[in-house]
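Beneath this line is the structure, given in structure tokens, with notes to follow.
Just so it is clear, the model here is predicted, and its values are computed rather than measured. FYI, side chains are in, hydrogens and waters are out, and symmetry mates aren't considered; it's all heavy atoms of this structure. Within every chain, numbering begins at 1; the chains are lettered A, B, ... in the order of the sequence lines, protein sequences first and strands thereafter.
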Amino acid sequence: MDPVEAGDWLAGRPLQLVFISGLDPTNKNHHNIIVNSLRQNRVDKPPLQLRIISGELDLPGKREKQAGEKGILRRDWPTKYLDQIPALIVLFVDLDWNHPSWEEKKLEAESKVASIRSQLQQKNGTTKIALVMLQEKSTNSEDNLAAERAHALCQICSLTPKHLFVLPIHGDIPAYICKLESAFHELAQSFYQQKLKAIRSRNIPNNTPSLHVRQLFKLAFISELRQDTHTALRNYRLAYDQCRDTLEQWDGVDIFEWRSVAGLLNYKMCELCFLHSTALEAVNQMRKHQSIFFQSAPGIYPTLNLASIELLLWKAKQCWHFAQLFDQAVVGGLTALATLNPGTHLDQAASIYSTANTEISALKRNTPVTSPYPTPDPLAPNTVFFGQRPWRVGFDGLATPEIEASAVNAITQRLVINHEGVISLLSAAMSQYKRYNCIRMQKKVMLEMGNVSYANNEIPKALQLWSIVARDAALPYSIRKDIMHRAVWASYAIASVKDFAAGCIQLLCPNYSKLLESNCETAFLDLLASRVPAVPFPKDDVNLMQLQTYQQQWQKVLADRQFFNIQASRIETFLNVYISFLDQHIVEINSKIAIRCEIRSEIEKSIIIDQILVICKAGEFQFDPICLGNQIEVSSLKPAKIGGFLSLKSSGAQQNQIVQVAKVLLEFGQKSTSLMFGQLEFDENSLNRNLPVEDVLGVEVLKITGIKSGVKLAEPARIQCLIGEVAQTRLKLENITKNALKNCRLDFKRNEQKQTEAAAVLFVDQDGIELKSEFSQKICDVWPENGGFLEIDVRFSAQLIGEYDLQLELSYEFEENSEIRKETSNIPINVLAKEPFQIQSQVLNMSGIPMQSILNHCDHILNVQILSADSLIIKSVEFLMADVVGFVDHKNGGAGNELNDEVEKEEIICYSIALRIEAKEDDGETPLGRLAVEWKRNLADSCPVRSVVPLCRIPVIPCPISIHANIKTSPAIVRQPIDICFELCSHHNEAIEITANFDLNDVFMFSGERRITLTVLPGKSRKINVIVMALSAGRLIFPRITLRSPQVADNLLQHALRTLPANIFVLPKSKLNNSIGDN
Amino acid sequence: MLGVVGFFIYGRENIRLFDSINPKYSNQLLEIEMFTYCSLDIVDEKSQRATEMYLGQLFTDQKYRSYGFVTNTGIRMVLVLDATSAASLKDQEIRLIFKKFHGFYCNTISNPFYEIGTPMKSRFFDEGVKELYAVSE
């Protein structure tokens, strides 16, 4: 017998029943408004079920105890409180305090109340009564008349003031109704409180467990109605504990009833736990329930088998109910986890249900139905108690043996194997597992679904499910082996060519064949030969008759032409295909690519593959199949290694597409002629399986590019040069096209250079005469394919320093598809150019002291330092001075032609020259001019280069008067008169009066005018002659004079005096001097 | 120790490194295998948020209960117990079993000839499971 359902009342929360009387919504508009407000669903609405009644009350009376009635919970008891017995009856009357016929109306109300009360008393009800007066006017609190009349009304109707309400019909009715409902709820609460007291006060004779449970259940249910769910839960728990504690004492024939009650109590407890947001408690309760009642003995009533089946069905139902509750809680916002989710319970329900199905089928098999379904139906009567056996209604204990026997018969006949039920439970479990990401549990459910489908004789569906599960590589082989064993048998039984072939191919893998001994090799070969395949597992105990049926079926199937296509990615195969391209990763669009294919078998026996087809793809485009071979024999000892070519030329593949092998088809049999034609299809996922990428010979994917530039440098061209020199490099060019090239020209296009420095390079023209900014040279007329290297000398002169690439262009023509095409290739030359030398120039005064500024009209020395960047020969140095600069001395200083000065790398060489600036105007800083250096590399065949570099700029200070000193006596000898002439020269446009004062000195004896004042006219010069006699020999300080002039500033005069020599070298008086003196 | 059904060790990528099933339960091999396989779902879920190596009870059905342990290197251990046996192991005892097997695992991988990630065969484990099952008799 199926487990009993408690009824519809179990769904939803119990609501307090309130009857509304005295409203006439059809005829009275304000009544209609009130009714609508009462019916409105609000969030804060108290848990009331308001029912509008008219006419007579129909209340259930107290039940008379009938003989033979024994049970735990009456089925209709909860519905009585939900549908029939109200907690409160509310009477609405239209009555104002100042109604003209108040007295009559009062009596009318009284009679209505009395009538309801009398009906209640008849039925022994304790329902509360409330009176609502609908009034036109609102009552003032100080209205004495109202107070008086209210008191009178209460008295006459025997109501307390709490039960009398006034509702002004012109006010805010929804708000009033809201208040009224709260008041009704309070009154209803007191009704249920009273009920609880009444139930609690009933004594239980002999502590009868069933009465105890009944009382506790009633307390719990009324508490629930009272919205005291915590007390309700406590009472349900007490009742449940009572069931648990008396488990051992249950009468064998009443086990079903007790179990039903325990299930109901458990359901209520779990429901309340979820309601209280204590989901864990609910789960624990369910666990406890399972550990206590699921393990309990099924009993022997009505029969041993039926009791066991009934227990299983009950268990499945319990799990399902709990899963429903859990799911509802999840919908209500509970967070479930992979560990705790409704799926596990559904799964459990399914597995129990499945066991029940097995038992039912066993029962049906063992006890075939012989007698017809009994009449009258022993299962037809309505039961009084929850979980009561219908055929025992009215019996105290067992029914008569005949009835019992017919009941067993009826139950047995009514039992059905419900595979669909299991599958729907499993699908529900699967969707739950999917939600919580339990992949493995999903697989388990799938496996079970497969098993159930198999039991339900839906073998194709079962095979499909099994194949999905067996595909999971993480599943232990022991399980996969079991699945495959069943799958192969099943496909053999239904003579499914494709499934049987797929099964055999899998079982031939060593991973399976190690664990499961089979005859699949022969069977598979039989199948390929279109013979009835051998029995896959000859050792299994199979009925011979059945085998014959299978084989006949096979014969029938194989009489027609058969075809199978198996996706290798979905199964584990004993054949593995390793495929790769033997080329570079990037290939030209016109290339032909070699394909390497290796087929390895894991069985020793040779298998003939009739054809191997490779289908490549490039993006969406698919190439035509390439046949790699026919009649290929493969065995574990002899893997097949074959090759083929894929031609990209005019295939339809585009540039930049990725080429890869889309699939490889291993074909068994001839497509058009053979009776059996099979394809084993290896797609991207199953090709090169279990082969690390680094072990793949060649590449797995190719990228198509356009035809590559045809000429390239065999060795990179790199050159270091000095600015101005003619550098030479030899370009080694290589033809890498697969064509002969014609009309090859090498060009340098100034405008197409990427760098400015490169654009400034000058090339030596073809004749070697001129330097040109552009360059073009014909290299050869015909350059055959594979024609080796071409070597070309290029000479150029870098004009700017830095590292840069010269982009030379090599243009050529070639023939493709009988068309002449022109192409160019870039030939880069890397240049590192630097200055041949660095020049530093500075101006010194005649004493060799470096000057920051220079005095006009005075003599100075220009000194130039040349720091060589390489080993050079300086052939000539020429000072190209500015116009204002005049040379004082041409001979000395080192500059000149035909110098051939050799300098090493980073060596410095100096050249100097004496000069004088004759600037007309004092124009600040003056450029001194340039230096022309003719140099060449210190190599045998190098050409000279003339480099012109600027000299320094220096500020020129105006000098109104310049001074020179001449030693007239030469050489100067000690204690001999030395005649020195100071010459003052005016560059001023006015006459200058100047006072010269000779500085007396210990070293010299002096003769002449010590102080002299003279006037120098513009452009004229005056001389001051002094004769000194050196008292000692050697380098002496040059005799000094100081100048003063009112027209010229002192510092300028000081500056001018600094142009005088600093020292005088005086010779000792010697024989030579004597001889000179003598001469 | 009572009702020990089997002990399993899985690598980081759920590759099985070690498995042992109490000979007493050898006739329920498939169910135990499937149960352990499903328990790995819970290991995946729990190990993400685990604060210690012991994961506690993983999964239970009418017949078995499983407990999990994840080492710092991601090695997963699953202990399967009989849910129907009257006496059950205490949490502390289960922790001890895992701790002991963690030690055995360390000893086994210390073998220079052992290749990490391959199924393990070691006398430590053999003796360990023998002891587990012996006490369960």
Side-chain angles (χ1 to χ4, degrees), chain A residues 283-284 286-287 289-291 293-295 311-312 315-316 318-319 336-341 343-352 354-355 429 432-448 451 469 472-486 515, chain B residues 3 6-21 25-50 55-68 76 78 80-88 117 119:
Chain A
V283 172
N284 283 335
M286 187 62 197
R287 277 194 194 141
H289 184 57
Q290 288 181 349
S291 65
F293 291 99
F294 280 29
Q295 311 300 337
L311 175 62
L312 286 170
K315 282 184 342 191
Q318 292 299 299
C319 294
L337 308 165
T339 33
L340 288 175
N341 70 62
T344 43
H345 298 277
L346 288 168
D347 186 9
Q348 202 173 355
S351 89
I352 298 170
S354 172
T355 320
Q432 291 285 349
Y433 285 146
K434 206 170 185 177
R435 192 186 301 171
Y436 300 105
N437 243 346
C438 304
I439 310 152
R440 299 179 186 83
M441 296 197 192
Q442 272 187 64
K443 287 276 161 59
K444 180 189 165 228
V445 171
M446 266 190 206
L447 174 62
E448 278 166 17
N451 294 347
V469 179
D472 184 2
L475 201 66
Y477 270 103
S478 48
I479 297 175
R480 290 159 78 184
K481 174 205 79 178
D482 186 61
I483 297 171
M484 285 317 300
H485 182 231
R486 255 180 295 172
L515 295 170
Chain B
F7 194 88
F8 302 84
I9 300 178
Y10 293 87
R12 194 188 252 287
E13 306 299 329
N14 289 323
I15 294 162
R16 193 186 276 190
L17 302 180
F18 173 77
D19 63 295
S20 161
I21 290 176
Y25 294 90
S26 56
N27 55 340
Q28 301 169 15
L29 180 90
L30 288 186
E31 285 169 63
I32 297 166
E33 288 271 21
M34 201 68 202
F35 178 78
T36 318
Y37 174 73
C38 290
S39 300
L40 287 179
D41 264 342
I42 315 293
V43 176
D44 281 351
E45 150 117 8
K46 279 200 169 182
S47 55
Q48 288 167 10
R49 295 175 278 132
L55 300 178
Q57 181 166 333
L58 301 175
F59 188 44
T60 175
D61 66 2
Q62 298 129 287
K63 286 188 174 171
Y64 313 105
R65 278 179 294 150
S66 59
Y67 292 83
R76 290 121 193 267
V78 178
V80 182
L81 299 183
D82 191 344
T84 54
S85 77
S88 63

What residues of residues 13-20 of chain B sit under 4.5 Å from chain A when only non-hydrogen atoms are counted?
-> B/Asn14, B/Arg16

Residues forming a ring pair (Phe, Tyr, Trp, His ring centres under 6.0 Å) with B/Tyr25, sequence neighbours excluded = none

If you measure from OG1 on B/Thr36 to CZ on A/Arg440, what distance do you get to the nearest 0.5 Å?
-> 11.5 Å

Using non-hydrogen atoms only, which part of A/Leu475 is less than 4.5 Å away from chain B: side chain, backbone, both, or neither?
-> both

Taking only residues two or more places apart in sequence, or in another chain, which ones meet A/Lys444 in a salt bridge (Lys or Arg N to Asp or Glu O under 4.0 Å)?
-> A/Asp347, A/Glu448

Side chain, backbone, both or neither: which part of B/Phe59 has an atom under 4.5 Å from a heavy atom of chain A?
-> side chain

Honestly, the part of A/Ser291 sitting under 4.5 Å from a heavy atom of chain B is neither

Residue set satisfying ring pair (Phe, Tyr, Trp, His ring centres under 6.0 Å) with B/Tyr64, at least two apart, ordered chain then number -> B/Phe35

Measuring heavy-atom distances to chain A, does B/Leu40 have an atom under 4.5 Å in its side chain, in its backbone, in both, or in neither?
-> both

What is the distance from atom CD1 of A/Ile479 to atom CG of B/Leu29, rounded to the nearest 0.5 Å?
-> 8.0 Å

OG (B/Ser39) and CE (A/Met441) are apart, to the nearest 0.5 Å, by 6.5 Å

Please flag which part of B/Glu45 lies under 4.5 Å from any non-hydrogen atom of chain A: side chain, backbone, both or neither.
-> side chain

Interatomic distance, OH@B/Tyr37 vs CG@A/Asp472, rounded to 0.5 Å, equals 3.5 Å

Can you name the nearest heavy-atom pair linking A/Asn437 to B/Asp41, along with the distance?
-> O-OD1, 4.3 Å

Rounding to 0.5 Å, atoms CD1 (A/Ile439) and CG (B/Asp44) come to a distance of 7.0 Å

